[in-house]
Amino acid sequence: MTGVRGVDVRGPGGRGVDGGGSGVRGSGGHATGGRRAGARAARPTAARPTSARPTGVRSAPIRRLALGLLAAALLAGCTTAPTEAAPGTTGTTATPNAPTASGSTATATPAPSRSAPTPTPQGTLLVADFGSDTVTFVDPGRGGSGRNGGPIASVEVGTAPYGLVVGEDGRAWVATAEGVAVVDTQRRTRIALIPYETETGPVTTGEYRGGGMGIALAPDGRHVYVGVNVPGGNGTLEVIDTATREVTATAGVGRRPFDVDVSPDGREVYATNHDSFDVTAVDADTLRTRRMEVAPYGTEGGLGSWLKPHYAVVRPQDGTLLLPFEGERLAVLDPRSGKVTIERMTADTHQHGAALAPDGTLLVVGTGPIGSADEGPSLTVRAPDGEERIVPLEGPHEDVAVSADGRTAYVTGGFTRDGYWNGITVVDLDSLDDLDDPNNKKNKPIRLSAGNRPLGIAIL
């Protein structure tokens, strides 16, 4: 059997750094809450097996012997299958596991199959497995609720994948340490790996590895923009032509470009640079750059500071960037002037991933405390008028995606530091009031086992 691999959803044994809880905190606030929707790797072609047609009449005993040998060969093939899903072959397959209430995880049972995969259902989740070299397709469960959901398949993409983005054509673009992988999400196979033009040193893993981090698509789908980390120095923004799958240009940005976003009109690209306390605006046509400092706590502490930008969302109605800090301050950046205004937040926890619901609700992932007075991990649900609800999560999480109808949030448990877990927490955004009742177990967040340290997430 070729291209089939079992899903490993065992816990990482990582050391936790903070605790969780249950229930939801209501809070007041004010202001508004906008996210993303040369030598090149050759496209391998899968050789098709051929079979010879028998020309003579065989006796029954010989036929039985031949069938026995054939069965043994097939079984042997299953035990020595390659791990990469090449074009024309399936990726990892797995039996979805039963969902669990917040706090427990389950192991998926591999269910290998030699048949061609059925098309990936709409609404399937796709996560980047930072602790491995794969992306994992996840069934979100009945009605997207997480119930009876679990991993479907995994496909090898390259070392330590970080961010990912999916175009309207169904192709996923995945930022790995080696290059940008292109995945056909319908066939669940990698179709290309585009190496970086930027020299990033040896391919490694871990929080500070070189290679791609944030990644975004142009509104017209013609270009992909990926932030490339160069350990010990400033990063670059690489521009990929989606038709030719080649890097066509690069521009210098700041240090460790955690996130990349594009203006609503596609004219500018924004790299959120974690270690240089800034956002770099890149003109999509000329590649001219502008540095805009975003440091509501100042830059004291330099590389050792926790109080740095991580992720941003672009508010579509006015093009401003929203960058959450520590569950205390929301930096609102006007990219035209570079001016930053600050609005109050209430989660009081270190924050990473962010996403914007269709109605303008801002979702922000709280990873957990960095000081003794901080609160635990959470999901902030911030209405456009600034009112916030805080949904506690069990253990650190990293990024978030929201369903097209705005009713469900999917939060990845990977986290870039220790304390991560291999799964996704599903939050019903329509039932936040029910979470205030400690006796109500029906609408508590549901945890799904998924992938290996999942960071980036998209909904297909």
Side-chain angles (χ1 to χ4, degrees), residues 12 14-21 24-25 27 29 33 35 130 162-163 206-208 213-214 255-259 272-279 294-313 321-333 340 342-355 362-382 388-400 409 411-421 423-425 427 445 453-457:
R15 178 171 54 86
V17 296
D18 33 44
V24 59
R25 300 203 312 271
S27 62
R35 172 169 183 168
F130 190 61
Y162 190 99
E207 181 182 2
Y208 298 98
M213 299 187 74
R255 298 175 69 114
R256 291 183 73 204
F258 253 59
D259 196 17
T272 300
N273 308 305
H274 179 266
D275 284 357
S276 49
F277 298 87
D278 59 26
V279 170
V294 186
Y297 295 89
T299 61
E300 185 178 355
L303 295 180
S305 172
W306 287 78
L307 310 177
K308 295 180 284 193
H310 293 84
Y311 295 81
V313 297
L321 279 72
L322 309 178
L323 299 94
F325 283 80
E326 305 305 315
E328 297 174 341
R329 303 177 187 182
L330 180 66
V332 182
L333 170 64
V340 177
I342 303 299
E343 299 174 2
R344 179 175 176 266
M345 300 187 75
T346 58
D348 294 327
T349 189
H350 190 60
Q351 291 179 319
H352 276 203
L362 176 65
L363 306 177
V364 184
V365 180
T367 65
I370 60 172
S372 59
D374 293 344
E375 299 287 347
S378 64
L379 178 68
T380 292
V381 183
R382 182 183 178 91
E388 294 186 347
R389 303 297 300 274
I390 311 301
V391 182
L393 301 175
E394 183 171 346
H397 289 65
E398 180 69 21
D399 206 356
V400 58
V411 193
T412 57
F415 193 38
T416 54
R417 302 180 67 85
D418 288 341
Y420 62 87
W421 68 284
I424 299 168
T425 296
V427 179
R453 198 175 183 178
L455 294 188
I457 182 170

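All values reported here derive from a predicted model rather than from experimental measurement.
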Atom pair [atom1] ([X]) and [atom2] ([Y]), whose distance is rounded to the nearest 0.5 Å:
X	Y	atom1	atom2	answer
L322	E343	CG	CD	7.5 Å
I390	D348	CD1	CG	8.5 Å
L321	L333	CG	CG	5.5 Å
Y208	D275	OH	CG	7.0 Å
H274	E207	NE2	CD	7.5 Å
T346	E375	OG1	CD	10.0 Å

E326/Y297 under side-chain hydrogen bond (donor to acceptor under 3.5 Å, both in side chains): CA gap, chis, key distance, verdict:
CA-CA 10 Å; E326 305 305 315; Y297 295 89; 6.0 Å; no
At their closest point, which heavy atom of [X] faces which heavy atom of [Y], and how far apart are they?
X	Y	answer
D374	G371	OD2-N, 2.9 Å
D399	G456	OD2-CA, 4.1 Å
T380	A347	OG1-CB, 3.4 Å
P454	W421	CD-O, 3.8 Å
L323	A312	CG-CB, 3.8 Å
G376	P369	CA-CD, 4.0 Å

Contact between [X] and [Y] at the side-chain level, heavy atoms closer than 4.5 Å - yes or no?
X	Y	answer
L363	V313	no
Y420	L455	no
I342	F325	no
Y162	F258	yes
L330	L362	yes

Check the angle between the aromatic planes of Y311 and H352 and answer parallel, tilted or perpendicular using the 30° and 60° thresholds.
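The rings of Y311 and H352 sit tilted, inter-plane angle from 30° to 60°.
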Which label fits H350 and W306: parallel for a plane angle under 30°, tilted from 30 to 60°, or perpendicular past 60°?
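Perpendicular: the ring planes of H350 and W306 meet at over 60°.
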Audit row: T272, V294, side-chain contact (heavy atoms from CB on, under 4.5 Å) steps and yes/no:
CA-CA 9 Å; T272 300; V294 186; over 6 Å; no
Is the backbone N or O of [Y] less than 3.5 Å from a side-chain atom of [X], with the two atoms forming a donor-acceptor pair by type?
X	Y	value
R453	T416	yes
R255	N273	no
T349	G327	no

Partner of Q351 under side chain to side chain contact (heavy atoms under 4.5 Å, CB included), chosen from M345, H310, E328:
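That would be M345.
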